[in-house]
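By convention here, the first residue in the shown sequence is residue 1. Treat the numbers as computed from the prediction; the structure is a model and nothing was measured.
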Amino acid sequence: MPFTIVNSIISWFLKKRKHQMELFLKYPIDVQHELLFNLLSKAELTEIGQKYQFSAIKNYTDFANKVPIQQYESIEPLIESTRKGKQNVFWPTPIRWFAKSSGTTNSKSKFIPVSDEALEDCHFEAGKDMLCLYINNNPDTELFSGKGLRLGGSSAVYEDNETFFGDLSAIIIENMPFWADFSSSPKQEIALMGEWESKMKAIVEETIHEDITSLVGVPSWMLVLLNKVLERTGKENILEVWPNLEVYFHGGVNFNPYREQFKKLIPKKDFKYFEIYNASEGFFALQDQNDSQDLLLMLDYGIFYEFIPMNEFNGENSNAIPLQKVQLNINYAIVITTNGGLWRYLIGDTVKFTSLEPYRIRVTGRTKHFINVFGEELIIENTEEALHIACLKTGAEVSEYTVAPIFMTDEKSGAHEWLIEFKTEPKCLNTFATILDNTLKEINSDYEAKRYLNMTLTEPKINLAKKGLFYKWLKKQGKLGGQHKIPRLSNSRKHLDELLEMEFAVGC
């Protein structure tokens, strides 16, 4: 289909969709309130709806009082009964799909129910909005003159008791409309391959002959793919392979540690980076402005949002607040109620609001990914900002890292122990460590207080990992693939000790 025709179709859709977006931009609280009661009304005759008397809920206070906040473990028995064929448990329409997610802190698989409404009104709608917002910001784009390279998860879709499970990306590809599949590469057969290393080779072989104009995937795994493309083709940079490449849609992890590596691989001044925020449980936010790290919270995808201030976080016993009560620059855990049948569900992510008109957010980390052994309240946002500054000042590039505590003893203060795999090592690791430490003091007052005179925390210990160590660790765990991520911060030493047991080199 000629680019001009495709562009005309997309432009028409954009105008229609922009009008719908303006509704939730102008009336965000009204849209969310109406959405909640539509969800409650639709599900009032389900097992969950009758248990918590959805029909008797008249306002948000009723909802918060009657329906408990829940984590996966609390609803797992009901999910398992649904996977065995029982219906009308969470949601009135049949649940046939389950997004398999191992998470990053627990090797146990989770199976997140995915309704037809969640696929159509959330995930597919978000995919279209992603393109529409990009085109709106870049009217001269030639995105549709070529294909988009999609790098999904590592699992195919499997059938069990007439229900299906797999990575969310695999479920989306399996159900993708024909027009989206037509404009994507690799073809579905390769995109759904289960064995990750064979899949990467097949993607390289197919895509190096395509006119790729966009990339979609998790930064850490996209870097692996792009480097394999260069190895296969013998080219110096990716633009020599795909000269019309113009945008990378990324999500899943903080992009800052990877930004400089992508700039070297794709040396194009006007190349665009657009961030998305999605998960197995839903699609939540999109970058709606060029050159921004803020994400527009999408309020009409069938998801009702609540938030828990992290300084008051107590798991399922926390008190949540609705959207209209959030404040700027407070770290919140997200609670969602969805058209996939999740009710007041803690997804485990944390965000802060950077704007209230409209509601824009930044992802700050995970409720389980922080270090607070000594009262330092270190979160992923802190470590990745500090790494970014240390890299800029020393010319280093970080591929992967993880951090864990060194616990206090009667004789010694505690500390943080880092294991860092560099793509480009700093000339002096001690200088890098000092900048990292000082930056953490500047951006985190709790960390600074605990570092005072080395009384609680001494200077961080940094181990230099051999190249490929984290990849080998993920492979050993059976977690190769776009969905799996390195656990960055932990209050325990489990992951770090496992990595240290494998081959590594200790820095100076």
Side-chain angles (χ1 to χ4, degrees), residues 104-105 220 253-254 256-257 365-366 368-474 485-508:
T104 49
T105 60
S220 53
V253 297
N254 188 303
N256 280 338
R366 300 276 296 169
K368 293 182 179 179
H369 280 206
F370 61 89
I371 301 179
N372 196 31
V373 172
F374 312 103
E376 67 273 48
E377 296 190 21
L378 194 71
I379 62 174
I380 292 175
E381 184 184 39
N382 299 154
T383 58
E384 301 207 328
E385 183 176 348
L387 280 173
H388 180 62
I389 298 299
C391 285
L392 284 178
K393 291 185 176 181
T394 63
E397 294 177 298
V398 171
S399 295
E400 299 290 357
Y401 75 94
T402 193
V403 193
I406 299 174
F407 295 102
M408 298 174 70
T409 65
D410 292 339
E411 297 81 23
K412 293 183 179 181
S413 299
H416 291 166
E417 185 168 7
W418 294 64
L419 181 61
I420 304 177
E421 182 179 326
F422 288 98
K423 180 177 177 62
T424 303
E425 295 178 15
K427 290 181 179 178
C428 179
L429 195 57
N430 289 332
T431 300
F432 181 92
T434 299
I435 296 171
L436 182 72
D437 186 33
N438 288 338
T439 305
L440 287 173
K441 291 177 187 177
E442 291 172 6
I443 63 179
N444 185 323
S445 59
D446 293 306
Y447 179 86
E448 181 184 33
K450 300 305 180 289
R451 284 283 290 112
Y452 180 69
L453 297 178
N454 292 334
M455 288 191 297
T456 303
L457 282 176
T458 61
E459 65 278 358
K461 177 182 178 182
I462 298 186
N463 299 311
L464 182 63
K466 283 186 178 178
K467 294 188 186 301
L469 174 63
F470 285 90
Y471 185 93
K472 292 176 183 176
W473 180 76
L474 284 171
K485 306 155 199 169
I486 299 296
R488 299 303 194 199
L489 307 179
S490 177
N491 275 326
S492 82
R493 292 184 56 86
K494 179 180 182 295
H495 304 304
L496 180 62
D497 285 341
E498 288 176 354
L499 282 155
L500 291 175
E501 286 178 4
M502 299 175 71
E503 186 179 11
F504 73 95
V506 179
C508 66

From [X] [atom1] over to [Y] [atom2], what is the distance, rounded to the nearest 0.5 angstrom?
{"X": "Asn430", "Y": "Glu459", "atom1": "CG", "atom2": "CD", "answer": "9.5 Å"}
{"X": "Arg451", "Y": "Lys441", "atom1": "CZ", "atom2": "NZ", "answer": "4.5 Å"}
{"X": "Cys391", "Y": "Ile420", "atom1": "SG", "atom2": "CD1", "answer": "8.0 Å"}
{"X": "Phe432", "Y": "Phe422", "atom1": "CZ", "atom2": "CZ", "answer": "4.0 Å"}
{"X": "Leu496", "Y": "Leu499", "atom1": "CG", "atom2": "CG", "answer": "6.5 Å"}
{"X": "Leu387", "Y": "Leu392", "atom1": "CG", "atom2": "CG", "answer": "11.0 Å"}

Are the side chains of [Y] and [X] in contact, using a 4.5 Å heavy-atom criterion?
{"X": "Leu419", "Y": "Leu469", "value": "yes"}
{"X": "Trp473", "Y": "His495", "value": "yes"}
{"X": "Leu436", "Y": "Ile462", "value": "yes"}
{"X": "Asp497", "Y": "Leu500", "value": "yes"}
{"X": "Thr456", "Y": "Tyr447", "value": "no"}
{"X": "Glu448", "Y": "Glu442", "value": "no"}

Whether the side chain of [X] engages the backbone of [Y] through a donor-acceptor N/O pair (distance < 3.5 Å, no angle test) should be reported.
{"X": "Asn372", "Y": "Asn491", "result": "no"}
{"X": "Arg488", "Y": "Tyr401", "result": "yes"}
{"X": "Thr402", "Y": "Pro487", "result": "yes"}
{"X": "Ser413", "Y": "Asn454", "result": "yes"}
{"X": "Glu421", "Y": "Phe470", "result": "yes"}
{"X": "Asn382", "Y": "Ile379", "result": "yes"}
{"X": "Lys467", "Y": "Lys423", "result": "yes"}

Of the non-hydrogen atoms in [X] and [Y], which two are nearest, and what is the gap between them?
{"X": "Pro460", "Y": "Ala433", "result": "CG-O, 4.4 Å"}
{"X": "Pro405", "Y": "Ser492", "result": "CD-O, 3.9 Å"}
{"X": "Ala415", "Y": "Thr458", "result": "CB-OG1, 3.5 Å"}

* Yes or no on side-chain contact (heavy atoms from CB on, under 4.5 Å) for Arg493 and Ile406, after CA distance, side-chain angles and deciding distance? -> CA-CA 8 Å; Arg493 292 184 56 86; Ile406 299 174; 3.8 Å; yes
* **Step-by-step side-chain contact (heavy atoms from CB on, under 4.5 Å) determination, Thr383 to Ile371** => CA-CA 11 Å; Thr383 58; Ile371 301 179; over 6 Å; no
* Looking only at side chains, do Asn444 and Glu377 share a donor and an acceptor under 3.5 Å apart? ->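 Side-chain D/A pair, Asn444 to Glu377: absent.
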* **Atom NZ of Lys393 with >12 non-hydrogen neighbours under 6.0 angstrom** =>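 For Lys393, atom NZ is not crowded (no more than 12 foreign heavy atoms under 6.0 Å).
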* To do: Over 60° means perpendicular and under 30° means parallel, so classify the ring planes of His416 and Phe374, tilted if in between.
  =>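 Rings of Phe374 and His416: tilted, as their planes differ by 30° to 60°.
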